Asks: 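Attaching a single structure in structure tokens format; questions to follow.
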Amino acid sequence: MPLKVYNSYTRQKEVFNSITPGHVGMYVCGPTVSGESHLGHARPYITFDFIFRYLTYKGYKVRYVRNITDAGHFEEEGREAEDKVGKKAILEKLEPMELVQKYTNLFHWAMLQFNCVEPSIEPTATGHIVEQINMIEKIIAEGYAYEVNGSVYFDLKKYAATHDYGKLSGRIMDDLLETTRELDGQQEKRDKADFALWKSAAPEHIMRWKSPWGEGFPGWHIECSAMATKYLGAEFDIHGGGMDLQFPHHESEIAQSTICNKHSPARFWIHNNMITINGKKMGKSYNNVIKLTEMFSGNHPLLTQAFAPMTVRFFILQSHYRSPVDFSSETLQASEKALKRLWEAYEVLKKLPVNIQAQGTDAALETKVLQWINEFDEFMDDDFSTAKILANMFELAPVINGIKDGHIAVNALSGATVVLLQKQFKNYLEDIFGLTHTTAGDEGALQGVMQLLIDIRKQSKAKKDYATSDKIRNQLTTLGIELKDEKDGGMSWNR
RNA sequence: GGUCCUGUGGCCGAGUGGCUAGGCAAAGCUCUGCAAAAGCUUCUACAGCAGUUCGAAUCUGCUCGGGACCUCCA
């Protein structure tokens with residue numbers, strides 16, 4: 001069954017075939033490391049993480065490039081032309097690169113918490129100034145960019161005359177050219193809609209590089225084009241990012257690359273939707289961000305508690321990546337419980353006995369179960385419908401628990417089905433969805449201590465010494481360890 | 001103002017023209033020393049109006065509401 005992916009460029013689901021058989025080149029716009037990542041940032045990285053994992057599962061060798069934007073951009077194009085990173089660095093009296101390092105580290109830490117696979121290449125903008133300059137020179141040579149006072153602009157009017165600028169974002173070129181918006185310092189552009197490829201640096205600018213046009217810094221869009229081209233070639237399979245990057249960032253990337261490489265850069269454009277908070281997009285301009293560190297610590301007025309990274313990851317998986325999701329503490333709490341339930345069923349499944357005999361299987365149940373399992377791949381192939389797979393898992397959970405509890409006969413499912421169930425749960429939960437234990441139960445010493453406590457509790461229960469057995473359980477509860485009595489007299493624990 | 005998306009049960013959220021998505025919450029029952037967990041059961045919705053159709057939450061139109069982008073933005 002072929003993988004179908006919604007392509008933002010054509011606005012429809014298309015069968016995915018990679019350019020080079022067996023290989024996939026994927027570029028995803030990475031973070032600007034001038035500040036701390038917030039919940040909204042988590043969505044694209046988790047989304048493209050499970051896309052990366054799924055492509056790998058499908059047998060592709062994926063080169064996943066995700067950049068680090070550390071060069072800084074103008075805060076308001078054409079106005080102050082202030083370098084974001086440089087500006088904050090002055091305020092905080094830090095070296096720009098010190099700031100970059102700090103937020104890069106913090107970003108990497110967050111990605112690790114989310115169990116995101118590291119990209120194959122994580123290039124930095126500052127490390128690719130030469131490539132960017134080369135690309136700009138090429139565009140000038142092609143006649144699609146012009147230099148004014150040490151800055152270089154892309155000639156959009158000329159480009160749009162022969163190319164479909166605005167197709168990706170559904171923008172109409174005439175509207176862009178007629179924008180009534182008044183911006184200062186726009187006089188040097190031939191047209192208001194022209195975007196900067198290179199900006200000359202004002203004296204107060206800290207981050208600056210030598211270029212054929214004087215000292216300055218690269219425009220926002222050129223870095224992605226340059227790095228994507230360098231590591232993935234003129235045409236590659238997937239370009240990803242948040243929906244809010246469609247315009248102008250991705251649209252401009254297409255223009256730059258098309259002129260420079262004579263080719264539209266990406267076959268598939270994949271965009272994730274936004275995380276909203278009370279219906280409004282989470283973003284700096286709205287002043288409604290919850291930083292990831294606040295998320296994990298619960299230290300934020302809107303949070304009733306701390307939320308584990310895996311809860312956030314699960315929360316994101318529970319809805320389709322192209323739908324907006326509204327954040328609230330209550331919703332996250334629901335996700336937390338749901339994940340716990342699912343994970344416990346998974347733990348049970350792992351230990352489920354595999355029926356060897358083919359006799360006594362419940363054909364109806366067997367059919368149902370097989371259908372639910374087989375739909376995993378089907379749903380994922382249908383534009384990564386993670387939410388539907390989770391729903392099927394929740395359908396399967398009562399079956400798994402039922403077998404354990406004895407409501408369902410042990411041999412109701414054939415051995416092959418149980419093995420398949422175990423395999424697919426592992427493939428999906430761990431390998432594709434990238435979920436992990438929030439409970440760390442593998443420390444040897446703790447295991448031993450718990451076993452000891454369980455033994456003592458079993459003994460006291462056998463003697464009907466409930467005071468002791470309750471004391472053990474209650475004390476453990478206050479330590480955050482949950483102890484449960486099993487049907488067969490056994491006990492299990494988790495935290 | 002322009003372009004586009006969207007409106008599902010108490011809450012969150014899938015969704016295909018005809019068959020119970022799922023999760024959380026709530027209620028009852030079973031199991032159990034108690035508890036927790038688990039299992040079973042109940043709560044069956046698609047903004048409004050009109051149309052297409054044998055049949056629409058799913059298609060079309062209008063109305064109302066929400067959002068994104070148009071400016072840095074995941």
Side-chain angles (χ1 to χ4, degrees), chain A residues 11 28-32 34-35 37-48 72-79 84 166 169-172 174-176 178-181 183 193 220 240-249 251 271-276 279-286 289 314-315 318-320 322-328 330-342 344-345 348 379 385-395 397-408 461 464-466 469-470 473-474 477 482-487 489 492 494:
Chain A
R11 289 156 197 269
V28 176
C29 291
T32 301
S34 62
S37 300
H38 59 72
L39 180 61
H41 295 117
R43 172 104 106 141
Y45 305 127
I46 289 173
T47 299
F48 289 100
H73 306 297
F74 6 101
E75 285 196 321
E76 225 171 3
E77 192 181 19
R79 189 169 285 173
K84 220 196 248 178
S169 54
R171 210 73 18 160
I172 296 159
D174 290 344
D175 292 350
L176 294 171
E178 281 166 22
T179 311
T180 52
R181 179 171 293 275
L183 290 173
W220 176 36
M243 268 175 91
D244 51 354
L245 293 181
Q246 275 188 185
F247 188 89
H249 185 53
E251 201 72 74
H271 292 98
N272 64 276
N273 215 314
M274 303 290 105
I275 289 183
T276 60
K280 276 265 186 295
K281 171 183 165 184
M282 187 177 288
K284 258 178 253 172
S285 15
Y286 294 107
V289 302
F314 185 79
F315 167 70
Q318 266 184 308
S319 59
H320 190 90
R322 283 191 290 113
S323 304
V325 260
D326 198 54
F327 162 86
S328 73
E330 298 75 57
T331 305
L332 261 283
Q333 271 168 28
S335 295
E336 185 180 80
K337 286 190 180 171
L339 174 59
K340 185 166 181 266
R341 178 172 145 79
L342 189 59
E344 284 181 9
V348 170
F379 290 155
S385 299
T386 54
K388 290 166 89 172
I389 293 163
L390 290 174
N392 274 21
M393 287 181 171
F394 280 107
E395 295 277 16
V399 177
I400 294 164
N401 289 326
I403 293 173
K404 183 199 168 212
D405 285 357
H407 297 114
I408 297 171
K461 271 188 73 173
K464 296 204 192 296
D465 175 11
Y466 296 122
S469 68
D470 285 352
R473 191 174 59 195
N474 293 340
T477 303
E482 188 185 25
L483 195 63
K484 289 187 290 197
D485 291 342
E486 303 290 342
K487 278 249 156 59
S492 67
N494 65 63

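Residue numbers begin at 1 in each chain, while the letters A, B, ... track the order of the sequences. Bear in mind the structure is a predicted one, so any value in this text is a computation, not a measurement.
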Asks: Looking at the side chain of His41(A), which of A35(B), A38(B), A74(B) is the nearest nucleotide?
Replies: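 The listed nucleotide nearest to His41(A)'s side chain is A74(B).
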Asks: Between atom CG in Asp244(A) and atom C1' in C70(B), what is the gap in whole Å?
Replies: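 Those two atoms, CG and C1', are 13 Å apart.
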Asks: Take Thr386(A) and Phe379(A) through the test side chain to side chain contact (heavy atoms under 4.5 Å, CB included) and record every step on the way to the result.
Replies: CA-CA 7 Å; Thr386(A) 54; Phe379(A) 290 155; over 6 Å; no
Asks: Looking at Lys340(A) and Glu344(A), is there a salt bridge between them, counting it only when a charged N and a carboxylate O are closer than 4.0 Å?
Replies: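 Result for this pair is yes, salt bridge flagged.
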Asks: When you compare C12(B) with G1(B), how far apart are their P atoms, in angstrom units rounded to a whole number?
Replies: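 Per the computed distance, 28 Å lies between those P atoms.
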Asks: For C49(B), which nucleotide in any strand shown is its Watson-Crick or wobble partner with both distances under 3.5 Å?
Replies: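 C49(B) is paired with G61(B).
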Asks: Return the minimal non-hydrogen interatomic distance between Ser169(A) and Arg11(A), and the atom names on each side.
Replies: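 Here Ser169(A) and Arg11(A) meet closest at C-NH2, 3.5 Å.
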Asks: Below the 4.0 Å mark, does A74(B) have OP1 or OP2 next to a side-chain nitrogen or oxygen of Asn272(A)?
Replies: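 Negative; the distance criterion is not met.
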Asks: Using the C1' atom in both, what is the distance from U3(B) to C11(B), to the nearest Å?
Replies: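 Roughly 33 Å separates the two C1' atoms.
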Asks: What interatomic distance, in whole Å, is found between P of U58(B) and the corresponding atom of U8(B)?
Replies: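 Roughly 13 Å separates the two P atoms.
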Asks: So do the side chains of Arg341(A) and Phe394(A) get within less than 4.5 Å of each other, counting heavy atoms only?
Replies: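 Yes - at least one pair of side-chain heavy atoms lies under 4.5 Å apart.
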Asks: Rounded to whole angstrom, note down the P distance from G18(B) over to G55(B).
Replies: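 So the two P atoms sit 14 Å from each other.
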Asks: Ignoring hydrogens and geometry beyond distance, is the side chain of Asn392(A) in donor-acceptor contact with the base of G22(B) at under 3.5 Å?
Replies: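 Answer no: no donor N or O sits under 3.5 Å from an acceptor.
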Asks: Select base, sugar-phosphate, or nothing to describe what Met393(A) touches, counting heavy atoms under 4.0 Å on all strands.
Replies: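 Since no nucleic acid heavy atom lies under 4.0 Å of Met393(A), the category is nothing.
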Asks: On the side chain of Asp485(A), is there an atom forming a donor-acceptor pair with the base of C34(B) - under 3.5 Å, no angle test?
Replies: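 Checked by distance alone, the answer is yes.
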Asks: Spell out yes or no: do the side chain of Arg341(A) and the base of A38(B) have one donor N/O and one acceptor N/O closer than 3.5 Å?
Replies: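 Between A38(B) and Arg341(A), which were checked side chain against base, a qualifying N/O pair under 3.5 Å is absent.
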Asks: Does a nitrogen or oxygen in the side chain of Ser323(A) sit under 4.0 Å from OP1 or OP2 of G13(B)?
Replies: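 For G13(B), OP1/OP2 do not have a side-chain N/O of Ser323(A) under 4.0 Å.
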Asks: CD of Gln246(A) versus P of C5(B): gap in Å, rounded?
Replies: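 Computing the Gln246(A):CD to C5(B):P distance gives 11 Å.
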Asks: For atom P, what is the distance between G7(B) and A26(B), given to the nearest Å?
Replies: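 Nearest-Å result for G7(B) against A26(B) at atom P: 28 Å.
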Asks: At 4.0 Å (heavy atoms only), tell me whether His320(A) reaches a base, stays on the sugar-phosphate, or touches nothing.
Replies: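 Sugar-phosphate, no base atom in range.
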Asks: Return the value, rounded to whole Å, for the distance between atom CD of Glu395(A) and atom P of A14(B).
Replies: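 Computing the Glu395(A):CD to A14(B):P distance gives 17 Å.
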Asks: Taking any heavy-atom pair under 4.0 Å as a contact, classify Ser285(A): base, sugar-phosphate, or nothing.
Replies: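 Since a base atom lies under 4.0 Å of Ser285(A), the category is base.
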Asks: For the atom pair CG (Asn273(A)) and OG (Ser319(A)), what is the distance rounded to the nearest 0.5 Å?
Replies: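 Rounded to the nearest 0.5 Å, the CG-OG separation comes to 9.0 Å.
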Asks: Can you tell me which nucleotide in C4(B), A37(B), A74(B) comes closest to the side chain of Met282(A)?
Replies: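 Within the option list, the nearest is A74(B).
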Asks: What's the closest nucleotide to the side chain of Ile172(A) if the choices are U3(B), C69(B), A14(B)?
Replies: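 In terms of side-chain proximity for Ile172(A), the closest of U3(B), C69(B), A14(B) is U3(B).
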Asks: Whether Arg473(A) and Glu482(A) form a salt bridge (side-chain N of Lys/Arg under 4.0 Å from carboxylate O of Asp/Glu) is what I want to check.
Replies: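 The answer is no: the pair does not qualify as a salt bridge.
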Asks: Taking CD1 from Ile275(A) and P from C5(B), how many angstroms apart are they, rounded to a whole number?
Replies: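 After rounding, the gap between these two atoms is 22 Å.
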Asks: Starting at the 5' end of RNA chain B and moving along, which residue's nearest nucleotide shows up first, Gly402(A) or Leu483(A)?
Replies: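 Closest to the 5' end, via its nearest nucleotide, is Leu483(A).
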Asks: G17(B) and G10(B): how far apart are their C1' atoms, nearest whole angstrom?
Replies: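 To the nearest whole Å, 29 Å.
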Asks: Can you check whether Tyr466(A) stacks with the G33(B) base, using ring centres under 5.5 Å and planes within 30°?
Replies: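 Tyr466(A) ring centre within cut-off of G33(B) base, planes near parallel; stacks.
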Asks: Could you check which nucleotide pairs with G39(B) in any of the strands shown, counting Watson-Crick or G-U wobble with both distances under 3.5 Å?
Replies: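 When the pairing criteria are applied, C29(B) turns out to be the nucleotide that pairs with G39(B).
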Asks: Do Thr276(A) and Phe327(A) have side chains that get closer than 4.5 Å, going by heavy atoms?
Replies: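 Of all side-chain heavy-atom pairs linking Phe327(A) with Thr276(A), none is under 4.5 Å.
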Asks: Would one find a side-chain N or O of Lys388(A) under 4.0 angstrom from OP1 or OP2 of G13(B)?
Replies: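 For Lys388(A), the contact criterion (side-chain N or O under 4.0 Å from OP1 or OP2 of G13(B)) is not met.
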Asks: What are the two closest non-hydrogen atoms of Tyr286(A) and Lys280(A), and how far apart are they?
Replies: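 Minimum heavy-atom separation between Tyr286(A) and Lys280(A): CE2-CD, 3.7 Å.
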Asks: On RNA chain B, compare the nucleotides closest to Gly40(A) and Phe314(A); which residue's is nearer the 5' end?
Replies: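 Its nearest nucleotide being more 5', the pick is Phe314(A).
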Asks: Give a yes/no answer on whether the side chain of Lys340(A) brings an N or O atom under 4.0 Å of OP1 or OP2 in G23(B).
Replies: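 Result: no.
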Asks: Starting at NZ of Lys484(A) and ending at P of U32(B), how long is that distance when rounded to a whole Å?
Replies: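 Taking atom P of U32(B) as the reference, NZ of Lys484(A) is at 18 Å.
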Asks: Using a 4.0 Å heavy-atom cut-off, does Lys337(A) contact any base of the nucleic acid, only the sugar-phosphate backbone, or nothing at all?
Replies: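 Here Lys337(A) touches the backbone only, sparing every base.
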Asks: Could you tell me how far C54(B) sits from C59(B) if I compare only their C1' atoms? Round to whole Å.
Replies: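 It comes out at 16 Å once rounded to the nearest Å.
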Asks: Please measure how far the C1' atom in G39(B) lies from the corresponding atom in A74(B), and state the result in whole Å.
Replies: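 Looking at atom C1' only, G39(B) and A74(B) are 42 Å apart.
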Asks: Just how far, in rounded Å, is C1' of C24(B) from CD of Gln318(A)?
Replies: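 Going from CD in Gln318(A) over to C1' in C24(B) covers 9 Å.
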Asks: Has His407(A) got a side-chain N or O lying under 4.0 Å from the OP1 or OP2 atom of G39(B)?
Replies: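 For His407(A), the contact criterion (side-chain N or O under 4.0 Å from OP1 or OP2 of G39(B)) is not met.
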Asks: Please determine whether a side-chain nitrogen or oxygen atom of Lys280(A) lies at a distance below 4.0 Å from atom OP1 or OP2 of G67(B).
Replies: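 Answer is yes, contact under 4.0 Å.
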Asks: Does the structure show a Watson-Crick or G-U wobble partner for C69(B), both distances under 3.5 Å? Name it, or say none.
Replies: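 Checking every strand shown, C69(B) finds its partner in G2(B), with both distances under 3.5 Å.
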Asks: In whole Å, what is the span from the OH atom of Tyr286(A) to the P atom of U71(B)?
Replies: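 Rounded to whole Å, this separation is 13 Å.
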Asks: Which of these nucleotides, A37(B), G2(B), G22(B), is closest to any side-chain atom of Arg171(A)?
Replies: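 Of the candidates, G2(B) comes closest.
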Asks: State whether the side chain of Arg43(A) and the backbone N or O of Ile275(A) hold a donor-acceptor pair below 3.5 Å, judged by distance alone.
Replies: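 It does not hold such a pair.
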Asks: Assign Met243(A) to base, sugar-phosphate, or nothing according to its heavy-atom contacts below 4.0 angstrom with the strands shown.
Replies: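 Since no nucleic acid heavy atom lies under 4.0 Å of Met243(A), the category is nothing.
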Asks: From U3(B), C34(B), G39(B), pick the nucleotide closest to the side chain of Asp405(A)?
Replies: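 The listed nucleotide nearest to Asp405(A)'s side chain is G39(B).
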Asks: What's the closest nucleotide to the side chain of Phe394(A) if the choices are G23(B), A74(B), C70(B)?
Replies: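 Taking heavy atoms from C-beta onward, the closest nucleotide is G23(B).
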Asks: Provide, to the nearest angstrom, the distance between the CZ atom belonging to Phe315(A) and the C1' atom belonging to C12(B).
Replies: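 Rounding to the nearest Å, CZ of Phe315(A) and C1' of C12(B) are 8 Å apart.
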Asks: Write down the partner of G10(B) under the Watson-Crick or G-U wobble criteria, each distance required to be under 3.5 Å.
Replies: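 C24(B) is the nucleotide pairing with G10(B).
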